[in-house]
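Reminder, nothing fancy here: chain letters follow the sequence lines and each chain counts from 1.
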Amino acid sequence: MSFAVTLMNWYREKGRDLPWRTTHDAYTIWLSEIILQQTRVEQGTPYFHRFLDAFPMVTKLAEASEDEILRLWQGLGYYSRARNMHKAAKMVVEDFGGKFPRAYKDVICLPGVGEYTAAAIASFSSNEPRAVVDGNVYRVLARYLGISVPINATQGKKMFAEIAQEMLDKHNPAIYNQAIMDFGALHCKPKNPLCEDCIFRMECVAFQEKLVEKLPVKLKGKGSRNRYFHYFIVLEDEQILMSKRGKGDVWTNLYEFPMIETMEDMSIPDLMAQADFVQYFEEDTALEYVGKQVKHVLSHQNIYARFYVVGDSGTLKNKKRGWNYYYCEKIDKLAKHKLIFSFLEKNVDLIAAKQL
DNA sequence: AAGACGGGGGG
DNA sequence: CCCCCAGTCTT
């Protein structure tokens with residue numbers, strides 16, 4: 001029996017029952033695929049329901065404000081996905097009369113839709129024979145065929161794309177694509193794959209050659225860098241000073257407290273000697289720590305954050321200069337803002353206590 | 001070709 | 001601590 005048929009037989013019996021698999025609606029499929037980019041199914045599923053509930057049709061999403069979309073997206077990460085999603089929705093309204101396209105050549109033009117997502121939408125919605133190549137597919141094919149070419153090098157990407165397309169069952173692209181991804185996610189897992197009970201154990205090159213743990217090969221990138229953030233809590237009449245990241249920033253349109261960043265950790269006196277600090281505050285400004293230093297770990301950077309209550313808000317030199325200031329009406333409304341980091345929200349309690 | 005981009009879970 | 005996840009975009 002062929003690889004494809006064996007795989008699809010496995011899928012019929014062991015495949016997952018996922019909410020977005022019951023539809024052929026390209027908009028719904030697109031929504032799920034954007035959310036699931038680099039995101040585990042369990043993590044993305046609640047967001048999928050939330051978005052579909054808020055925006056049942058692409059026209060609704062296009063009409064929404066970016067603020068509203070980002071707020072719903074909060075906590076999912078890779079925020080450019082949300083911004084691109086909004087742009088794409090507007091493009092669908094403009095260029096396709098509000099009817100979400102299904103063809104690969106059309107959806108690949110939308111921002112945030114790359115080769116994987118375009119193949120997924122095209123195959124799932126209309127059975128266009130395009131093979132998906134995601135992390136699961138790389139792993140399954142690398143092991144089954146014993147390919148040690150790095151999956152994240154240009155040559156490797158090209159090779160795997162070609163092989164995936166050859167392996168695809170052209171008569172059942174939708175089922176096949178979902179089958180190979182489920183097989184990777186549930187059976188041919190990154191760690192502790194279920195090789196002893198595998199339908200392919202006789203043909204799988206990696207298993208026969210004992211290379212399962214070695215494949216796929218992935219070139220490792222650079223490590224993380226450390227960043228030190230100093231957040232200033234400026235209170236005035238039950239209001240709290242917030243700042244909004246501007247255009248061009250990674251965290252565009254997300255909120256945080258006014259802050260300065262330093263290259264290394266430092267004491268309050270050293271911090272007050274920083275040029276940035278002098279620019280914003282008077283020399284006699286009183287700073288007091290709130291809570292302990294927070295370590296926030298991202299994929300490629302470690303953020304060490306300290307919080308300071310600014311003793312007298314009158315010592316702030318110029319509230320319009322440098323920071324994109326914004327007064328939040330009430331401290332408990334902080335949670336309604338799209339904060340950059342979850343730990344900022346957690347510190348609201350500490351700050352509220354300090355306010356008393 | 002190489003980096004940047006999040007947050008969560010597993011081993 | 002390191003790796004991976006229904007990847008894409010920018011430089």
Determine, for A:Y47 and A:R50, whether the Lys NZ or Arg CZ falls below 6.0 Å from the six-membered ring centre while staying within 45 degrees of the axis.
yes
Show each protein N/O and nucleotides 9-11 of chain C N/O combination with a separation under 3.5 Å, one pair to a line.
| residue | atom | partner | partner atom | Å |
| --- | --- | --- | --- | --- |
| C:dC9 | OP1 | A:G112 | N | 2.4 |

Nearest-Å distance, CZ (A:R81) to P (B:dG7)?
11 Å
Please classify the nucleic acid contact of A:I35 as base, sugar-phosphate, or nothing, using heavy-atom distances under 4.0 Å.
nothing
Looking at every strand, decide which applies to A:W30 at a 4.0 Å heavy-atom threshold: base, sugar-phosphate, or nothing.
nothing
Among B:dG7, C:dC4, C:dA6, the nucleotide that comes nearest once only the side chain of A:K218 is considered
C:dC4
With a 4.0 Å cut-off, would you call A:R21 and A:D182 a salt bridge?
yes
Under 4.0 Å, counting only non-hydrogen atoms across every strand here, what does A:N177 touch: a base, just sugar-phosphate, or nothing?
nothing
Main-chain N/O of A:I34 paired to A:R81 side chain as donor or acceptor, under 3.5 Å:
yes
At less than 4.0 Å, is any side-chain N or O atom of A:Q37 found next to OP1 or OP2 of C:dG7? Yes or no.
no
Answer yes when A:E128 and A:R130 have at least one side-chain N-carboxylate O distance shorter than 4.0 Å, and no when they do not.
yes
What does C:dC9 pair with, Watson-Crick or G-U, if both distances are under 3.5 Å?
B:dG3
For A:T39 and A:A153, find the nucleotide of DNA chain B closest to each by heavy atoms; which residue's nucleotide sits nearer the 5' end?
A:A153
Using a cut-off of 4.0 Å on non-hydrogen atoms, how would the nucleic acid contact of A:E42 be classed: base, sugar-phosphate, or nothing?
nothing
So if I take every side-chain heavy atom of A:K191 and compare against C:dC5, B:dG11, B:dG6, which nucleotide ends up nearest?
B:dG11
Return whichever of A:Q155 or A:R40 has its heavy-atom-nearest nucleotide of DNA chain B closer to the 5' end.
A:Q155
Taking atom P in both C:dT8 and B:dG8, compute the distance separating them and give it to the nearest angstrom.
22 Å
Hey, what's the ring geometry for A:W30 with A:Y27, parallel, tilted or perpendicular (30° and 60° as the breaks)?
tilted
Looking across every strand, which nucleic acid part, if any, lies under 4.0 Å from A:G75 by heavy atom: base, sugar-phosphate, or nothing?
sugar-phosphate
For residues 162-172 of chain A, pull every pair meeting side chain to side chain donor-acceptor pair (under 3.5 Å), keeping only residues two or more places apart or in separate chains.
A:K158-A:E162, A:D169-A:N172
Is there a side-chain polar atom (N or O) of A:T117 under 4.0 Å from OP1 or OP2 of C:dT8?
yes
Distance test, side-chain N/O of A:Y79 to OP1/OP2 of B:dG7, below 4.0 Å:
yes
Let me have the donor-acceptor pairs involving side chains of residues 193-201 of chain A, under 3.5 Å, with sequence neighbours excluded, atom names and distances please.
| residue | atom | partner | partner atom | Å |
| --- | --- | --- | --- | --- |
| A:R201 | NH1 | A:E196 | O | 2.6 |

